[in-house]
Each structure stands twice: as structure tokens, then as C-alpha cells.
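Reminder, nothing fancy here: chain letters follow the sequence lines and each chain counts from 1.
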Amino acid sequence: MSLNRSLLLAPSFEVAPSLLGSILTVNSPDGAVSLRITEVEAYHGSADPGSHAFRGKTDRNAVMFGEPGHLYTYFTYGMHTCANVVCAPEGQASGCLLRAGEIVEGIELARFRRQTSRADADLAKGPARLTVALGITLDDGGADLAESRISLELCGGNTEVATGPRTGVSGLGGTAEFPWRFWIPGDRTVSPYKAHSPKKREPSEFNPRR
DNA sequence: ACTCCGATCTTCT
DNA sequence: GAAGATCGGAGTC
């Protein structure tokens with residue numbers, strides 16, 4: 001079964017609920033790992049201050065402007081890779097960040113890749129953990145989910161859905177103005193919500209740290 | 001359970 | 001030059 005791309009033609013914040021419960025499978029020489037998606041965040045268009053595309057098209061975010069059903073990957077914090085499913089018609093920068101899920105196949109391989117996880121529920125709890133558990137790397141950027149080693153099987157949106165502000169996003173983009181975090185309520189693989197916290201503290205006499 | 005903090009480097013200003 | 005769609009360890013409660 002291959003991906004029906006037309007189901008992704010809407011803006012990411014409309015597609016997001018139907019991604020919950022869907023199955024993402026990544027094949028590799030070591031075996032396949034499948035994930036039941038339990039948490040995503042939508043980023044959409046040039047008016048979204050939380051999006052990498054807010055300031056227009058660049059080399060990094062170009063994939064998000066392209067055909068829906070491809071994978072947008074990016075590297076952040078000096079060590080982490082995150083992945084988005086590209087949504088909306090070509091020309092519109094729209095994507096759903098894969099934030100968390102439950103491993104439903106290949107759990108031994110996922111455990112091997114995520115040595116620091118104590119519980120299975122933590123294997124893909126968080127966007128960077130998810131890519132490690134599945135074996136997704138930066139090189140998978142641009143991959144077509146209809147015909148590559150990575151495939152997406154849409155479930156049809158039968159699950160319960162909760163929404164709220166996006167995790168870790170700075171400024172207006174992280175507020176209730178953009179309630180574009182979507183998760184399956186009560187699922188133990190969903191990551192905890194964190195508001196954005198600035199890296200450096202306010203300079204003060206008692207806090208000489210810059 | 002929750003808070004603080006260092007690691008590490010690409011990307012854009 | 002600084003911030004960042006994060007993680008895990010150490011410390012505290």
C-alpha cells in the first residue's frame with residue numbers, strides 16, 4: 001500500500017489530526033521499525049512565526065515548499081535530527097513535525113539504537129528520540145514517503161485528539177495563538193509539554209553569568 | 001516529579 | 001555572533 005498523497009494536500013494544521021494513529025515504517029539493512037504516531041506539531045506558511053519558513057525559502061527549508069508526502073529533516077542543537085511530513089500544495093511551506101509515537105514493530109532494533117531509554121514508552125518520546133529509534137538521518141531529507149525506504153500508512157483519523165500550544169517554540173509562535181500541537185490524550189508515549197525557556201538568563205549583579 | 005545546565009554546530013542575522 | 005521545533009545527567013524536593 002502506498003501513500004495517497006492527495007490526503008496531504010491541506011495545510012498541516014488540518015492534516016495533523018489524521019496523522020495521529022498512522023503508521024510510519026523505516027526500512028534498513030538492520031531491519032524495519034514501525035511507529036504508531038501519537039504526537040505531532042503543525043508549522044504552516046509564511047505567517048507562522050514558529051516555522052523555519054517564516055523568513056522565506058532557504059537551502060535548509062526548501063523541501064517544505066515542495067510536493068506533499070516528502071520528508072523534511074533538519075539538524076538542531078548541535079546534535080539532533082528532527083523530521084516533518086510535508087503537507088499542502090507545492091509552493092506552500094507546510095509540515096507536521098513528528099514528535100512522538102509508539103514502536104509497534106522492530107522494537108529490539110529501536111532499543112538497540114536508543115540505549116539511554118529505560119522504558120519502551122520513552123523510545124520515541126520526543127522528536128529527536130523518534131528519529132534515532134527509527135533510524136532516520138539528515139540524508140533522508142526529501143525522501144518520498146510513497147516510494148522510498150520510509151513509508152507512511154494513513155489511518156483515517158479515528159482517534160481522539162487533544163490540542164494545545166507547541167512545545168519549546170519561542171515568541172508568539174509558542175502561544176495559544178497557534179494551538180498546533182496535536183496528541184492522543186492519555187497515551188503514555190506522548191512527550192511532556194515544555195514552554196520555551198531562553199538559554200541565557202537576564203544579566204544582573206547577582207547573576208554575573210552572561 | 002521537577003529544575004538547572006552542558007553538550008555541540010548549523011543556520012541565519 | 002547568537003539562538004535554536006532537544007536530550008540526558010545531576011541536583012533538589
Side-chain angles (χ1 to χ4, degrees), chain A residues 11-13 15-16 19-20 24 37-65 70-88 93-101 110-111 113-142 163-183 188-204 206-210:
Chain A
S12 53
F13 54 83
V15 170
L19 244 36
L20 296 178
L24 187 74
I37 300 169
T38 59
E39 181 191 357
V40 299
E41 276 175 6
Y43 292 83
H44 179 78
S46 54
D48 175 5
S51 171
H52 287 167
F54 183 53
R55 289 181 173 80
K57 195 171 181 176
T58 65
D59 284 344
R60 175 173 68 157
N61 66 27
V63 171
M64 257 207 296
F65 288 79
H70 291 244
L71 204 66
Y72 166 51
T73 58
Y74 67 91
F75 186 74
T76 190
Y77 288 105
M79 61 193 93
H80 297 306
T81 300
C82 300
N84 294 242
V85 174
V86 174
C87 300
S94 199
C96 288
L97 171 67
L98 302 171
R99 285 200 56 89
R111 285 183 190 134
R113 289 168 170 161
R114 293 264 312 119
Q115 305 273 335
T116 55
S117 270
R118 304 311 265 114
D120 286 346
D122 295 341
L123 287 171
K125 182 186 286 192
R129 293 168 169 181
L130 183 152
T131 59
V132 171
L134 291 177
I136 292 172
T137 71
L138 270 187
D139 290 337
D140 291 307
T163 66
R166 295 175 294 193
T167 285
V169 175
S170 66
L172 189 61
T175 68
E177 292 281 308
F178 296 88
W180 289 351
R181 177 170 175 249
F182 302 81
W183 68 95
R188 66 197 182 292
T189 65
V190 173
S191 71
Y193 173 77
K194 301 259 186 226
H196 178 257
S197 62
K199 204 144 205 194
K200 305 193 171 178
R201 312 184 146 187
E202 291 301 322
S204 84
F206 304 104
N207 181 7
R209 184 186 319 236
R210 243 161 297 151

Could you write out each protein N or O paired with an N or O of nucleotides 9-13 of chain C at a distance under 3.5 Å?
none

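- Every residue two or more places apart in sequence or in another chain was checked for a side-chain hydrogen bond (donor to acceptor under 3.5 Å, both in side chains) with Arg129(A), and none qualifies.
- Contacts between residues 163-180 of chain A and DNA chain B, defined by a heavy-atom separation under 4.0 Å, are absent.
- Annotation: ring-ring contact (aromatic ring centres under 6.0 Å, His included) contacts of Phe178(A) (sequence neighbours excluded): Trp180(A).
- Taking the ring-ring contact (aromatic ring centres under 6.0 Å, His included) definition, one finds that His44(A) meets it with Phe13(A), sequence neighbours left out.
- Looking at residues two or more places apart in sequence or on another chain, you find a side-chain contact (heavy atoms from CB on, under 4.5 Å) between Tyr193(A) and Pro165(A), Thr167(A), Arg181(A), Ala195(A).
- Within residues 124-141 of chain A, no residue has a heavy atom under 4.0 Å from DNA chain B.
- The stretch residues 44-60 of chain A touches DNA chain C through Gly50(A), His52(A), each having a heavy atom within less than 4.0 Å of the strand.
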**Request:** Taking Watson-Crick and G-U wobble pairs with both distances under 3.5 Å, convert DNA chain C into its dot-bracket string, 5' to 3', dots for unpaired and | for cross-strand pairs.
**Result:** ||||.|||||||.

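- With sequence neighbours excluded, no residue forms a ring-ring contact (aromatic ring centres under 6.0 Å, His included) with His80(A).
- The stretch residues 45-57 of chain A participates, sequence neighbours left out, in these salt bridge (charged side-chain N to carboxylate O under 4.0 Å, His left out) pairs: Asp48(A)-Arg166(A).
- Arg114(A) comes within contact range of the sugar-phosphate backbone alone, with a heavy-atom separation under 4.0 Å but no base atom that close.
- Phosphate contact (OP1/OP2 of dA5(C), side-chain N/O of Arg181(A), threshold under 4.0 Å): absent.
- Among pairs with a residue in residues 168-177 of chain A, none fulfils side chain to side chain donor-acceptor pair (under 3.5 Å), at least two apart in sequence or across chains.
- At a threshold of 4.0 angstrom between heavy atoms, the contacts of Phe75(A) are confined to the sugar-phosphate backbone, with no base atom among them.
- Put simply, the side chain of Tyr74(A) and the base of dA5(C) share a donor and an acceptor less than 3.5 Å apart.
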